[in-house]
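I have placed the structure first, in the form of C-alpha coordinates, so that the comments after it can refer back to it.
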Amino acid sequence: MGVEGCTKCIKYLLFVFNFIFWLAGGIILGVALWLRHDSQTTNILYLQLGDKQAPNTFYVGIYILIAVGAVMMFVGFLGCYGAIQESQCLLGTFFTCLVILFACEVAAGIWGFVNKDQIAKDVKQFYDQAFQQALMAESETNNGRAVVKTFHETLDCCGPDNAIAAVTPLWREDLCPKKDSLLKTVFEASSCHKKIDELFSGKLYLIGIAAIVVAVIMIFEMILSMVLCCGIRNSSVY
(Lines give C-alpha, C1' and ligand atoms only; values in the text may rest on other atoms or scores of the structure.)
Protein backbone atom coordinates (compact mmCIF):
# COMPACT_ATOMS: atom_id res chain seq x y z
CA MET A 1 0.00 0.00 0.00
CA GLY A 2 1.51 3.34 -1.07
CA VAL A 3 1.68 6.46 1.03
CA GLU A 4 -1.08 9.08 0.74
CA GLY A 5 -1.72 12.73 1.56
CA CYS A 6 1.11 14.81 2.97
CA THR A 7 3.46 11.83 3.05
CA LYS A 8 3.02 11.43 -0.70
CA CYS A 9 3.97 15.10 -1.15
CA ILE A 10 7.07 14.51 0.99
CA LYS A 11 7.92 11.51 -1.18
CA TYR A 12 8.00 13.60 -4.36
CA LEU A 13 9.66 16.50 -2.58
CA LEU A 14 12.43 14.15 -1.45
CA PHE A 15 12.76 12.89 -5.02
CA VAL A 16 13.19 16.49 -6.27
CA PHE A 17 15.77 17.29 -3.56
CA ASN A 18 17.67 14.09 -4.38
CA PHE A 19 17.68 14.95 -8.06
CA ILE A 20 19.13 18.38 -7.15
CA PHE A 21 21.64 16.60 -4.90
CA TRP A 22 22.60 14.30 -7.77
CA LEU A 23 23.06 17.33 -10.03
CA ALA A 24 25.13 19.09 -7.33
CA GLY A 25 27.36 16.01 -7.16
CA GLY A 26 27.82 16.20 -10.92
CA ILE A 27 28.65 19.92 -10.71
CA ILE A 28 31.20 19.35 -7.92
CA LEU A 29 32.75 16.52 -9.90
CA GLY A 30 32.92 18.75 -12.98
CA VAL A 31 34.40 21.71 -11.06
CA ALA A 32 36.97 19.42 -9.38
CA LEU A 33 38.04 17.98 -12.75
CA TRP A 34 38.28 21.53 -14.15
CA LEU A 35 40.45 22.63 -11.20
CA ARG A 36 42.57 19.49 -11.63
CA HIS A 37 43.27 20.25 -15.30
CA ASP A 38 43.24 24.08 -15.14
CA SER A 39 46.29 25.33 -17.05
CA GLN A 40 47.38 27.81 -14.37
CA THR A 41 47.50 25.31 -11.51
CA THR A 42 48.88 22.41 -13.57
CA ASN A 43 51.69 24.55 -15.02
CA ILE A 44 52.75 25.59 -11.53
CA LEU A 45 52.09 22.49 -9.43
CA TYR A 46 53.82 20.09 -11.83
CA LEU A 47 57.10 22.01 -11.53
CA GLN A 48 60.17 20.47 -9.97
CA LEU A 49 63.13 22.35 -8.46
CA GLY A 50 66.03 19.93 -8.34
CA ASP A 51 64.75 17.04 -6.24
CA LYS A 52 61.97 19.13 -4.71
CA GLN A 53 58.43 18.89 -6.11
CA ALA A 54 55.98 21.79 -5.96
CA PRO A 55 53.53 21.50 -3.00
CA ASN A 56 50.70 19.08 -3.80
CA THR A 57 48.32 20.01 -0.94
CA PHE A 58 45.97 21.66 -3.43
CA TYR A 59 45.74 18.49 -5.53
CA VAL A 60 45.03 16.36 -2.45
CA GLY A 61 41.98 18.56 -1.83
CA ILE A 62 40.96 18.27 -5.50
CA TYR A 63 41.12 14.46 -5.42
CA ILE A 64 38.94 14.50 -2.29
CA LEU A 65 36.43 16.71 -4.15
CA ILE A 66 36.39 14.29 -7.11
CA ALA A 67 35.62 11.40 -4.74
CA VAL A 68 32.93 13.45 -2.94
CA GLY A 69 31.26 14.40 -6.25
CA ALA A 70 31.16 10.76 -7.39
CA VAL A 71 29.78 9.57 -4.03
CA MET A 72 27.15 12.34 -4.04
CA MET A 73 25.92 11.22 -7.46
CA PHE A 74 25.61 7.63 -6.20
CA VAL A 75 23.85 8.68 -2.97
CA GLY A 76 21.51 11.00 -4.90
CA PHE A 77 20.52 8.15 -7.18
CA LEU A 78 20.01 5.89 -4.15
CA GLY A 79 17.73 8.49 -2.54
CA CYS A 80 15.69 9.00 -5.73
CA TYR A 81 15.20 5.27 -6.16
CA GLY A 82 14.41 4.72 -2.46
CA ALA A 83 11.80 7.51 -2.47
CA ILE A 84 10.02 6.24 -5.61
CA GLN A 85 10.07 2.62 -4.40
CA GLU A 86 9.02 3.69 -0.87
CA SER A 87 11.67 1.37 0.53
CA GLN A 88 12.49 1.84 4.23
CA CYS A 89 15.71 -0.14 3.77
CA LEU A 90 16.95 2.09 0.92
CA LEU A 91 15.87 5.25 2.71
CA GLY A 92 17.65 4.13 5.89
CA THR A 93 20.81 3.41 3.89
CA PHE A 94 20.43 6.77 2.18
CA PHE A 95 20.09 8.56 5.53
CA THR A 96 23.18 6.79 6.89
CA CYS A 97 25.20 7.77 3.80
CA LEU A 98 24.04 11.39 4.17
CA VAL A 99 25.11 11.51 7.82
CA ILE A 100 28.55 10.15 6.90
CA LEU A 101 28.88 12.59 3.99
CA PHE A 102 27.79 15.51 6.15
CA ALA A 103 30.31 14.60 8.86
CA CYS A 104 33.05 14.32 6.21
CA GLU A 105 32.07 17.70 4.76
CA VAL A 106 32.19 19.37 8.17
CA ALA A 107 35.59 17.80 8.87
CA ALA A 108 36.89 18.87 5.43
CA GLY A 109 35.52 22.38 5.99
CA ILE A 110 37.32 22.69 9.33
CA TRP A 111 40.55 21.36 7.79
CA GLY A 112 40.19 23.74 4.84
CA PHE A 113 39.56 26.75 7.11
CA VAL A 114 42.59 25.92 9.27
CA ASN A 115 44.86 25.34 6.25
CA LYS A 116 43.36 27.86 3.81
CA ASP A 117 46.52 30.00 3.76
CA GLN A 118 48.97 27.10 3.88
CA ILE A 119 48.61 26.11 0.21
CA ALA A 120 49.50 29.58 -1.08
CA LYS A 121 52.25 29.89 1.56
CA ASP A 122 53.89 26.62 0.44
CA VAL A 123 53.72 27.64 -3.24
CA LYS A 124 55.21 31.09 -2.45
CA GLN A 125 58.10 29.47 -0.54
CA PHE A 126 58.72 27.16 -3.50
CA TYR A 127 58.71 30.18 -5.85
CA ASP A 128 61.08 32.17 -3.58
CA GLN A 129 63.62 29.32 -3.58
CA ALA A 130 63.43 29.07 -7.37
CA PHE A 131 63.74 32.86 -7.73
CA GLN A 132 66.89 32.92 -5.60
CA GLN A 133 68.40 30.12 -7.67
CA ALA A 134 67.47 31.90 -10.90
CA LEU A 135 69.15 35.15 -9.80
CA MET A 136 72.39 33.37 -8.91
CA ALA A 137 72.36 31.04 -11.93
CA GLU A 138 74.80 31.53 -14.76
CA SER A 139 73.54 28.76 -17.04
CA GLU A 140 70.52 29.31 -19.31
CA THR A 141 69.46 25.72 -18.63
CA ASN A 142 69.33 26.17 -14.85
CA ASN A 143 66.26 24.48 -13.36
CA GLY A 144 65.47 27.45 -11.07
CA ARG A 145 65.34 29.77 -14.07
CA ALA A 146 62.89 27.44 -15.87
CA VAL A 147 60.63 27.23 -12.78
CA VAL A 148 60.61 31.02 -12.33
CA LYS A 149 59.86 31.69 -16.00
CA THR A 150 56.93 29.28 -15.82
CA PHE A 151 55.54 31.16 -12.80
CA HIS A 152 56.05 34.53 -14.51
CA GLU A 153 54.50 33.50 -17.83
CA THR A 154 51.57 31.62 -16.28
CA LEU A 155 50.63 34.30 -13.74
CA ASP A 156 51.92 37.34 -15.69
CA CYS A 157 54.02 38.52 -12.75
CA CYS A 158 57.63 39.20 -11.84
CA GLY A 159 59.38 38.99 -8.49
CA PRO A 160 58.16 37.97 -5.02
CA ASP A 161 56.96 41.47 -4.04
CA ASN A 162 56.04 44.77 -5.68
CA ALA A 163 59.45 46.43 -5.20
CA ILE A 164 61.40 43.55 -6.72
CA ALA A 165 58.75 43.13 -9.42
CA ALA A 166 59.43 46.69 -10.57
CA VAL A 167 63.23 46.47 -10.43
CA THR A 168 63.91 42.96 -11.76
CA PRO A 169 63.00 43.65 -15.43
CA LEU A 170 65.67 46.40 -15.54
CA TRP A 171 68.54 43.96 -15.08
CA ARG A 172 66.99 40.52 -15.71
CA GLU A 173 64.79 40.89 -18.78
CA ASP A 174 65.21 37.16 -19.43
CA LEU A 175 63.15 36.29 -16.33
CA CYS A 176 60.12 38.57 -16.68
CA PRO A 177 57.29 38.59 -19.24
CA LYS A 178 58.04 41.24 -21.84
CA LYS A 179 55.51 44.00 -22.54
CA ASP A 180 55.38 46.33 -25.53
CA SER A 181 58.01 48.55 -23.97
CA LEU A 182 60.43 48.54 -21.04
CA LEU A 183 58.37 51.19 -19.21
CA LYS A 184 55.26 49.00 -19.40
CA THR A 185 57.30 46.02 -18.24
CA VAL A 186 58.47 47.98 -15.19
CA PHE A 187 55.28 49.81 -14.21
CA GLU A 188 52.80 47.02 -15.01
CA ALA A 189 54.79 44.25 -13.34
CA SER A 190 52.80 42.49 -10.60
CA SER A 191 54.03 40.74 -7.48
CA CYS A 192 54.02 36.95 -7.87
CA HIS A 193 53.09 36.56 -4.20
CA LYS A 194 49.95 38.59 -4.81
CA LYS A 195 49.12 36.60 -7.96
CA ILE A 196 49.58 33.28 -6.13
CA ASP A 197 47.23 34.44 -3.35
CA GLU A 198 44.62 35.48 -5.95
CA LEU A 199 44.96 32.18 -7.81
CA PHE A 200 44.25 29.92 -4.83
CA SER A 201 41.86 32.16 -2.88
CA GLY A 202 39.61 32.45 -5.95
CA LYS A 203 39.44 28.69 -6.35
CA LEU A 204 38.86 28.07 -2.64
CA TYR A 205 36.02 30.63 -2.77
CA LEU A 206 34.27 28.54 -5.45
CA ILE A 207 34.74 25.36 -3.41
CA GLY A 208 33.34 27.07 -0.28
CA ILE A 209 30.15 28.21 -2.04
CA ALA A 210 29.56 24.72 -3.44
CA ALA A 211 30.09 23.16 0.02
CA ILE A 212 27.56 25.49 1.71
CA VAL A 213 24.88 24.81 -0.93
CA VAL A 214 25.40 21.05 -0.65
CA ALA A 215 25.30 21.15 3.18
CA VAL A 216 21.91 22.94 3.15
CA ILE A 217 20.48 20.40 0.67
CA MET A 218 21.78 17.51 2.78
CA ILE A 219 20.09 18.82 5.94
CA PHE A 220 16.73 19.08 4.15
CA GLU A 221 17.18 15.59 2.71
CA MET A 222 17.96 14.02 6.08
CA ILE A 223 14.80 15.54 7.56
CA LEU A 224 12.61 14.52 4.60
CA SER A 225 13.98 10.97 4.41
CA MET A 226 13.23 10.33 8.09
CA VAL A 227 9.71 11.82 7.80
CA LEU A 228 9.03 9.70 4.70
CA CYS A 229 10.42 6.59 6.37
CA CYS A 230 8.10 7.11 9.36
CA GLY A 231 5.16 7.75 6.98
CA ILE A 232 5.85 4.50 5.11
CA ARG A 233 6.05 2.58 8.39
CA ASN A 234 2.77 4.04 9.62
CA SER A 235 0.95 3.41 6.31
CA SER A 236 2.01 -0.24 6.29
CA VAL A 237 0.29 -0.76 9.67
CA TYR A 238 -3.17 0.02 8.30
Side-chain angles (χ1 to χ4, degrees), residues 13-47 53-81 83 94-124 126-127 150-151 153-157 190 192-225:
L13 191 59
L14 181 61
F15 177 85
V16 170
F17 267 104
N18 273 304
F19 183 71
I20 295 172
F21 188 73
W22 179 84
L23 284 178
I27 291 170
I28 287 178
L29 183 60
V31 169
L33 290 173
W34 169 69
L35 292 174
R36 172 64 181 79
H37 297 288
D38 179 57
S39 59
Q40 283 191 317
T41 49
T42 52
N43 285 348
I44 290 171
L45 296 178
Y46 274 156
L47 292 172
Q53 187 71 35
N56 64 351
T57 314
F58 182 73
Y59 276 153
V60 171
I62 295 304
Y63 290 133
I64 292 172
L65 271 184
I66 291 172
V68 166
V71 171
M72 280 177 62
M73 292 186 75
F74 170 75
V75 172
F77 173 78
L78 182 68
C80 285
Y81 189 72
F94 168 71
F95 180 83
T96 304
C97 290
L98 276 184
V99 170
I100 294 170
L101 270 178
F102 188 78
C104 290
E105 184 176 348
V106 170
I110 294 171
W111 178 86
F113 180 78
V114 171
N115 296 279
K116 61 184 173 66
D117 298 323
Q118 190 62 40
I119 298 171
K121 182 180 177 183
D122 290 343
V123 174
K124 284 188 282 190
F126 180 77
Y127 167 79
T150 302
F151 268 95
E153 290 168 4
T154 302
L155 300 179
D156 191 23
C157 63
S190 298
C192 285
H193 281 195
K194 180 182 176 183
K195 290 282 190 175
I196 290 168
D197 283 331
E198 289 174 356
L199 174 67
F200 290 103
S201 64
K203 292 181 181 347
L204 291 174
Y205 178 72
L206 283 174
I207 294 170
I209 291 175
I212 291 171
V213 171
V214 169
V216 171
I217 294 172
M218 287 170 71
I219 291 170
F220 274 108
E221 287 193 320
M222 283 189 279
I223 295 170
L224 291 173
S225 62

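- The shortest non-hydrogen separation linking M218 to L98 is CE-O, 3.3 Å.
- Expressed to the nearest 0.5 Å, how far CG of D122 lies from CD1 of I196 amounts to 11.0 Å.
- Rounding to the nearest 0.5 Å gives a distance of 4.0 Å between CD1 of I28 and CE of M72.
- Rounded to the nearest 0.5 Å, atoms CG (L101) and CZ (F94) are 9.5 Å apart.
- In terms of heavy atoms, I66 sits closest to A32 at CG1-CB, 3.5 Å.
- Here M222 contributes atom CE and T96 contributes atom OG1; the two are 11.0 Å apart, rounded to the nearest 0.5 Å.
- For N18 against C80, the heavy-atom pair with the smallest separation is CB-SG, 3.4 Å.
- A24 and V214 make their closest contact through CB-CG2, 4.1 Å (heavy atoms, listed as atom of the first residue, atom of the second, distance).
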CA sep, side-chain torsions, deciding dist, call: I219, F102, side chain to side chain contact (heavy atoms under 4.5 Å, CB included): CA-CA 8 Å; I219 291 170; F102 188 78; 3.9 Å; yes
Derivation and outcome, side chain to side chain contact (heavy atoms under 4.5 Å, CB included), residues L14 and F220: CA-CA 9 Å; L14 181 61; F220 274 108; over 6 Å; no
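- For K195, the side-chain contact (heavy atoms from CB on, under 4.5 Å) criterion is met by L155, C157, S190, E198, not counting sequence neighbours.
- Contact between C97 and V75 at its shortest, heavy atoms only, is CB-CG2, 3.9 Å.
- K124 meets the salt bridge (charged side-chain N to carboxylate O under 4.0 Å, His left out) test with D197; sequence neighbours excluded.
- Residue I217 comes nearest to F21 through the heavy atom pair CG2-CD1, 3.9 Å, listed as atom of the first residue, atom of the second, then distance.
- Note: F151 and F126 have tilted aromatic rings, judged against thresholds of 30 and 60 degrees for the angle between ring planes.
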